[in-house]
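Some notes on the structure that comes next.
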Amino acid sequence: MNEHETASPASGNHLLISAYSTYPNSPLLMVSRRISESGCNLVDTRLATVGRDVSLVALATGSWDSIVKLESLLGKFDREHDIKLTFYRTGPKPMQSNLLPYLVEVVAADKPGILFQLADFFDRQGITIENMQSNGYQAMHTGASMFTAQLTIGIPANMHIAALRDDFMEFCDHLNLDAIMDPMKY
């Protein structure tokens, strides 16, 4: 299913593409080829194998006519290949220079709701989650079901970091989560 939206002047010439296929087939080569063939540039990409599927999220930019050509190529592509594909016009991420990037890592015995509780904690603090990856796995020696998550968050520059860290560690202690929150190092 394709979703097409008319770009507003504020959205610029950006196309957000999501593609899904069944492992071991990856949509990366086919989608990136269409982006190149259209004269667009691939500026941001995420690829992950989740369960039995491979997911790709890509942001393409280009001139207005290049984006139109890309939309046409993707429309044909969707009908001809065994890949689920959606795309729509979007814009660049707004610059937020008032946010400090921090890395949060959590490890715990797996139980329902951990990810929701983490997201809820940061949302209540007015903190954005910029990037996240989580996985479940079996502990090597015990076979226990474990959960791990890595989050990149944006903390408002006017927030008291030490108080936030204390609140976060208390929150994690209450849920029996092993966690760290450190400034992002580039």
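This structure is a prediction, so every number in the text was calculated from the model and none was measured. Numbers for residues simply follow the sequence, beginning at 1.
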Out of curiosity, does Ile129 fall in the hydrophobic cluster containing Ile114 (side-chain heavy atoms, cut-off under 4.5 Å, transitive links)? yes

Polar side-chain atom of Ser66 near backbone of Gly62 as donor-acceptor pair, under 3.5 Å: no

Non-hydrogen atoms of Ala19 and Ile83 that approach each other most closely: CB-CG2, 4.0 Å

Report yes if the distance between the aromatic ring centroids of Phe147 and Tyr137 is under 6.0 Å, otherwise no. no

4.5 Å side-chain heavy-atom contact, Leu74 and Leu15: yes

Are Leu59 and Leu42 side-chain neighbours, meaning at least one heavy-atom pair lies under 4.5 Å? no

Would you check, one step at a time, whether the test side-chain contact (heavy atoms from CB on, under 4.5 Å) holds for Gln133 with Leu151? CA-CA 7 Å; Gln133 180 176 336; Leu151 297 87; over 6 Å; no

Close side-chain approach of Val54 to Thr22, heavy-atom, < 4.5 Å: no

Side chains of Ile35 and Leu70 in contact at under 4.5 Å (non-hydrogen atoms): yes

Using the rule given for side-chain contact (heavy atoms from CB on, under 4.5 Å), can you reason through Gln117 versus Leu175, listing the C-alpha separation, both sets of side-chain angles and the distance that settles it, and then say yes or no? CA-CA 9 Å; Gln117 290 170 319; Leu175 294 176; 3.6 Å; yes

Is there a side-chain contact (heavy atoms from CB on, under 4.5 Å) between Lys84 and Ser21 once you walk through the steps? CA-CA 7 Å; Lys84 293 172 181 66; Ser21 62; over 6 Å; no

Can Leu100 and Ile161 be said to form a side-chain contact (heavy atoms from CB on, under 4.5 Å), step by step? CA-CA 10 Å; Leu100 305 174; Ile161 303 284; 4.2 Å; yes

Test item: Thr142 side-chain N/O and Ala139 main-chain N/O as donor-acceptor pair under 3.5 Å: no

How about Gln125 and Ile155: do any of their side-chain heavy atoms sit closer than 4.5 Å? no

Checking side chain to side chain contact (heavy atoms under 4.5 Å, CB included) between Cys40 and each of Ile67, Thr61, Leu73, which is the one that passes? Ile67

Phe121-Met132 co-clustered via ILVMFWY side chain contacts under 4.5 Å: yes

Could Glu71 and Arg89 be called an ion pair, given the rule that one side-chain N must be under 4.0 Å from one carboxylate O? yes

Over 12 non-hydrogen atoms of neighbours within 6.0 angstrom of CG in Asp182: yes

Check whether any side-chain N or O of Arg165 sits under 3.5 Å from a backbone N or O of Met181 as a donor-acceptor pair, and report yes or no. yes

Non-hydrogen side-chain atoms of Ile17 and Leu85 separated by less than 4.5 Å: yes

Is there side-chain contact between Ile153 and Thr128, with heavy atoms separated by less than 4.5 Å? no

Is the shortest side-chain N to carboxylate O distance from Asp120 to Arg124 below 4.0 Å? yes

Quick one: are Ile127 and Tyr102 in side-chain contact, heavy atoms under 4.5 Å? no

